[in-house]
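Here the structure comes first, spelled out in structure tokens, and everything after it is commentary.
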Amino acid sequence: MIEVTLKDGAKKYFEHPHTVADIAKRISEGLARVAVCAKVNGQLVDLSTVIARDCTLEIITLKDREGLDVYRHTTAHILAQAVKQIWPTCKLGIGPTIENGFYYDIDFTTPITQDNLAQIEEEMKKIIKSNFAIERFTLPRKEAIQLMQRYGENYKLELIQNLPIATEISFYKQGGFVDLCRGVHLPSTGGIKAFKLLSVTGAYWRGNENNKMLTRIYGTAFEKKEELIAYLEAVEEAKKRDHNKIGRELGIFMTDNNIGQGLPLFMPKGAKILQIMSRFVEDEEERRGYKLTKTPYMAKSDLYKISGHWQHYKDGMFVVGDEENERDEVMALRPMTCPFQYTIFNNGLKSYRDLPLRYNETSTLFRNENSGEMHGLIRLRQFTLSDGHLVVAPEQLEEEFAGVVDLVCYVLKTFGLEDDVKYRFSKWDPNAKNDKYIHDPETWNVAERTMEKILNHLKIDYTVGVGEAAFYGPKLDIQIKNVHGKEDTLITIQVDMFLAKNFDMTYINEQGVKTYPYIIHRSSIGCYERTLALLIEKYAGAFPLWLSPTQAIILPVSDKFLPYAQKVERAMRLLGLRVEVDKRNEKIGYKIREAQLEKIPYMLIVGEKEAESNTVSVRTRGQGVENESMSLEQVIAKLRRENDEKIIF
RNA sequence: GCUUAUGUGGCGCAGGAGGUAGCGCACAUCCUUGGUAAGGAUGAGGUCACGAGUUCAAAUCUCGUCAUAAGCUCCA
């Protein structure tokens with residue numbers, strides 16, 4: 001007797017082994033129709049898997065995440081089969097599922113372009129229509145290798161060679177096509193109802209830039225056509241919020257061919273927002289006991305040799321002067337602020353009474369990124385960081401770290417971003433290339449254990465990123481996704497274990513002994529440009545009042561009321577509100593439309609009625625909102641309150 | 001840096017089988033002084049990213065450079 005325990009706890013008994021598909025049928029015909037695969041004892045398996053022993057069984061459908069992944073993975077195999085049929089000489093790499101679809105990396109002998117996607121889709125449709133059975137089979141390692149050699153699949157061969165020696169190698173066969181694959185798959189190719197190939201890009205084999213670049217075809221698949229269409233529309237919709245598009249449309253920033261990549265120009269509106277942001281951050285830091293510094297944008301190479309940047313980060317720096325020429329003084333634009341603030345700390349002997357010492361600086365940095373890496377305001381060659389370093393005694397580390405986390409959370413909340421971020425504990429990778437990290441496993445372990453303790457104590461919900469640390473220490477990175485779903489670091493808090501020693505930073509402790517301090521390297525809102533990008537996307541350009549470059553625009557109904565409009569403007573400006581008057585000789589409907597498109601929070605309409613009664617007609621940028629007539633004092637009080645309390649709607 | 005695309009007046013786009021460019025918005029002037037998402041007329045503005053090559057002739061073809069987008073690698 002075989003006992004099968006279902007997800008709801010019910011038990012089924014069978015005298016003989018049955019396939020998962022059969023068991024599903026016995027449970028219900030309806031379930032059998034929607035079954036995609038199953039979990040047996042928690043392990044994902046094909047429907048054809050034979051159940052011969054007692055187990056727990058959960059039938060997976062397309063409503064489950066795993067089911068959808070299986071469905072998409074099968075689509076990736078159909079893509080591979082189609083490509084092999086059209087270009088028999090191409091070699092297959094890997095074809096996994098990703099968050100919103102799948103991709104397949106393929107080495108084409110003759111490169112293909114986006115124009116070929118339609119052709120491939122047609123071939124895929126034929127394969128789907130043929131409804132080939134998808135059969136799993138396994139081979140011993142040796143035979144698996146022979147099979148892949150026979151097919152000439154050298155990438156698959158490499159994958160097999162990296163599998164543990166003992167494992168049986170599994171393959172899937174559909175029609176005349178065989179692919180190395182762990183599985184799981186649909187029972188036949190006909191199960192795919194809606195898919196689309198999205199793009200062709202390059203991707204290095206095994207993610208290593210020293211390897212050959214293969215062609216990556218991205219695609220997605222859904223249970224129903226309507227879902228596919230809805231997904232594609234949602235992607236298009238998201239692109240409308242793209243900061244790189246609306247940031248330019250709204251006159252926040254621009255770029256210029258003659259100025260260069262990664263060097264945006266902030267126009268008056270963008271510059272205003274950046275100023276509001278940095279004033280807020282600097283004021284808040286001052287309130288929390290930070291001391292502002294202002295340090296040079298460049299330094300002699302000597303400084304970077306002490307900090308280790310010369311050894312670990314030279315490719316990322318803009319070096320000024322020729323090292324080969326003895327008469328040149330070799331300088332570099334700074335990629336980080338740390339060594340400068342450390343130098344300030346070192347000016348004068350420090351006592352334990354000086355600690356914790358919290359330095360902050362609105363710091364402009366320069367990093368020579370590779371040309372393809374720049375992206376809108378998110379990846380730049382020059383950017384300004386809300387940077388800072390806390391020099392603390394060992395026993396102060398935890399409290400100060402917690403203080404930094406508190407500041408960061410407060411700042412995120414004020415900008416309305418607190419629900420959009422994820423925390424990542426970024427560790428070093430002991431197996432990384434020699435020069436990526438300072439090699440001192442013991443210190444790394446100590447620092448990482450300390451940080452882990454602090455994070456757990458603060459009850460921060462984090463993921464771990466191995467190989468994501470800075471060259472000098474582990475980090476708590478605060479991650480955020482942009483409109484394309486790509487994740488970037490917004491804020492970083494690091495425990496720096498090496499640079500203090502390199503710079504011989506010490507303080508005299510209570511016992512009169514020279515001691516190395518701990519250093520927390522942190523930013524409070526990250527780099528302003530990147531944060532601005534994320535804010536543009538979050539609010540689709542309709543910033544909260546306190547961040548809006550123009551908070552209200554006064555719209556006179558006609559020229560006759562311009563004097564009153566200007567009176568209102570003066571009154572509001574005097575109290576620190578950022579207001580403009582639309583003086584143009586246009587109809588009121590036209591001016592409203594323009595203000596609406598500029599996403600100005602408030603429109604104050606003034607005409608005969610208002611001028612006589614010393615009021616304004618208030619319209620908000622939200623659609624369908626009734627206008628409200630308010631006295632000048634009322635509207636000023638309302639806007640000031642909204643501004644001062646940094647209210648986010 | 002690599003892969004695939006793109007680069008036409010301030011912006012968004014047409015066109016371009018090689019024979020010296022169009023539209024909409026914006027801008028200027030005039031008419032209209034109009035009450036909650038585009039009133040009308042007239043006009044100015046570009047040698048089609050830049051450089052080289054092919055050609056009688058290039059914005060249109062070729063190559064290179066620069067820039068932009070998505071992805072890879074890298075990273076705040």
Side-chain angles (χ1 to χ4, degrees), chain A residues 103 105 108 111-117 198-218 239 242 244-245 248-249 251 254-263 313 315-316 335-336 363 365 367-380 383-387 426 436 467-468 470 475 477-480 484-486 488-492 494 523 525-531 533 555-562 584-597 603 605-610 617-619 621 623-627:
Chain A
Y103 65 79
D105 285 348
F108 287 90
I112 65 149
T113 71
Q114 278 165 30
D115 298 337
N116 297 108
L117 290 184
L198 299 172
S199 62
V200 177
T201 68
Y204 297 108
W205 169 238
R206 312 196 106 203
N208 185 335
E209 64 177 323
N210 299 316
N211 289 342
K212 181 164 183 183
M213 181 164 267
L214 310 183
T215 302
R216 176 171 294 180
I217 300 175
Y218 281 97
K239 282 185 190 159
D242 189 337
N244 213 356
K245 179 170 162 19
R248 291 171 199 267
E249 282 169 4
M254 57 174 282
T255 51
D256 184 88
N257 288 6
N258 295 320
I259 289 175
Q261 279 192 300
L263 301 168
Y313 200 77
D315 287 347
M336 285 161 189
S363 179
L365 305 176
R367 297 186 188 177
N368 193 2
E369 305 288 356
N370 286 333
S371 62
E373 283 159 5
M374 259 67 74
H375 168 63
L377 294 180
I378 287 183
R379 266 309 265 293
L380 303 172
F383 58 93
T384 299
L385 194 68
S386 57
D387 212 347
S426 299
K436 191 173 175 189
E468 301 285 354
K475 313 188 280 183
D477 286 325
I478 298 173
Q479 304 291 112
I480 191 159
H484 300 285
K486 189 172 170 168
D488 270 299
T489 301
L490 191 64
I491 298 171
T492 176
Q494 314 169 358
S523 75
I525 190 56
C527 115
Y528 287 100
E529 294 86 347
R530 182 175 286 185
T531 305
L555 308 177
V557 171
S558 83
D559 288 353
K560 280 188 273 182
F561 311 108
L562 206 51
R584 293 176 305 172
N585 180 9
E586 294 289 352
K587 288 194 173 165
I588 190 66
Y590 184 86
K591 294 186 196 176
I592 286 171
R593 176 183 155 81
E594 299 259 301
Q596 198 77 256
L597 292 176
M603 283 155 263
I605 294 145
V606 296
E608 195 174 359
K609 266 189 307 189
E610 288 77 14
S617 172
V618 180
R619 183 187 165 111
R621 65 188 160 192
Q623 282 182 329
V625 179
E626 286 284 306
N627 286 332

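To find a chain, count down the sequence lines: A is the first, B the second, and so on, and within it residues start at 1.
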Distance between [atom1] atoms of [N] and [M] (Å, rounded):
| N | M | atom1 | value |
| --- | --- | --- | --- |
| rU8(B) | rG46(B) | C1' | 8 Å |
| rG18(B) | rA58(B) | C1' | 6 Å |
| rU36(B) | rA49(B) | P | 45 Å |
| rG12(B) | rC27(B) | C1' | 16 Å |
| rA26(B) | rA21(B) | P | 26 Å |
| rU6(B) | rC61(B) | P | 11 Å |
| rG24(B) | rG43(B) | P | 13 Å |
| rA37(B) | rG45(B) | P | 36 Å |

- Among rC75(B), rC72(B), rA38(B), the one nearest Arg367(A) by side-chain distance: rC75(B)
- Task: For Glu529(A) and Thr384(A), indicate whether the former's side chain and the latter's backbone hold a donor-acceptor pair under 3.5 Å.
- Result: yes
Within this structure, what is the [atom1]-to-[atom2] distance between [X] and [N], rounded to whole angstrom?
| X | N | atom1 | atom2 | result |
| --- | --- | --- | --- | --- |
| Leu117(A) | rA5(B) | CG | P | 10 Å |
| Met213(A) | rU4(B) | CE | C1' | 10 Å |
| Asn370(A) | rG1(B) | CG | P | 7 Å |
| Tyr218(A) | rU3(B) | OH | P | 16 Å |
| Leu198(A) | rU4(B) | CG | P | 18 Å |
| Asn210(A) | rC74(B) | CG | P | 10 Å |
| Arg530(A) | rA76(B) | CZ | C1' | 4 Å |
| Asp105(A) | rC72(B) | CG | P | 10 Å |

Does the structure show a Watson-Crick or G-U wobble partner for [N], both distances under 3.5 Å? Name it, or say none.
| N | result |
| --- | --- |
| rG24(B) | rC11(B) |
| rU33(B) | none |
| rA5(B) | rU68(B) |
| rU62(B) | rA52(B) |

- Message: Run Arg530(A) and Thr489(A) through side-chain hydrogen bond (donor to acceptor under 3.5 Å, both in side chains) and show every step you take.
- Response: CA-CA 9 Å; Arg530(A) 182 175 286 185; Thr489(A) 301; 5.1 Å; no
- Under-4.0 Å side-chain N/O to phosphate OP1/OP2 contact, Lys475(A) with rA76(B): yes
Test salt bridge (Lys or Arg N to Asp or Glu O under 4.0 Å) applied to [X] - qualifying residues, sequence neighbours left out:
| X | answer |
| --- | --- |
| Lys486(A) | none |
| Glu369(A) | Arg379(A) |
| Asp387(A) | none |

- Item | Gap separating the CG atom of Leu597(A) from the CD1 atom of Ile592(A), nearest 0.5 angstrom | 12.0 Å
- Query: How many angstroms lie between CD in Glu209(A) and OH in Tyr204(A), if you round to the nearest 0.5 Å?
  - Reply: 5.5 Å
Does the base of [N] carry an N or O that pairs as donor and acceptor with the side chain of [X] under 3.5 Å?
| X | N | value |
| --- | --- | --- |
| Glu369(A) | rA76(B) | yes |
| Arg379(A) | rC75(B) | yes |
| Tyr204(A) | rG71(B) | no |

For a quick check of understanding: with a heavy-atom distance under 4.0 Å over all strands, which category does [X] fall into, base, sugar-phosphate or nothing?
| X | answer |
| --- | --- |
| Leu380(A) | base |
| Tyr103(A) | nothing |
| Ile378(A) | base |
| Gly589(A) | sugar-phosphate |

side-chain hydrogen bond (donor to acceptor under 3.5 Å, both in side chains) involving [X] - partner list, sequence neighbours excluded:
| X | value |
| --- | --- |
| Asp488(A) | none |
| Asp256(A) | none |
| Glu249(A) | Lys245(A) |

What pairs with [X] under ring pair (Phe, Tyr, Trp, His ring centres under 6.0 Å), at least two apart in sequence or on another chain?
| X | value |
| --- | --- |
| Phe108(A) | Trp87(A) |
| Tyr103(A) | Tyr218(A) |
| Phe561(A) | none |

- Note on the structure: Reading nucleotides 26-35 of chain B from 5' to 3' and marking B where a protein heavy atom lies under 4.0 Å of the base, S where only the sugar-phosphate is that close, and - otherwise, the string is SS----BBBB
- Message: Could you walk me through whether Val200(A) and Thr113(A) satisfy the side-chain contact (heavy atoms from CB on, under 4.5 Å) test, starting with their C-alpha distance in whole Å, then the side-chain angles of each, then the deciding distance to 0.1 Å, before giving a yes or no?
- Response: CA-CA 7 Å; Val200(A) 177; Thr113(A) 71; over 6 Å; no
Atom pairs under 3.5 Å: protein N/O with N/O of nucleotides 42-47 of chain B:
none

- Message: Between rA76(B) and Phe383(A), is there a base-stacking contact, meaning the centre of the base's six-membered ring lies under 5.5 Å from the residue's ring centre while the planes stay under 30° apart?
- Response: yes
Please write out each protein N/O paired with an N/O of nucleotides 62-69 of chain B under 3.5 Å, distance rounded to 0.1 Å.
residue: rA67(B); atom: O2'; partner: Asn257(A); partner atom: OD1; Å: 2.9
residue: rU68(B); atom: OP2; partner: Gln261(A); partner atom: NE2; Å: 2.7
residue: rA69(B); atom: OP1; partner: Asn244(A); partner atom: ND2; Å: 2.2
residue: rA69(B); atom: OP1; partner: Gly376(A); partner atom: N; Å: 3.4

- Task: Would you kindly compare Thr489(A) and Thr201(A) by the position of their nearest RNA chain B nucleotide and give the one closer to the 5′ end?
- Result: Thr201(A)
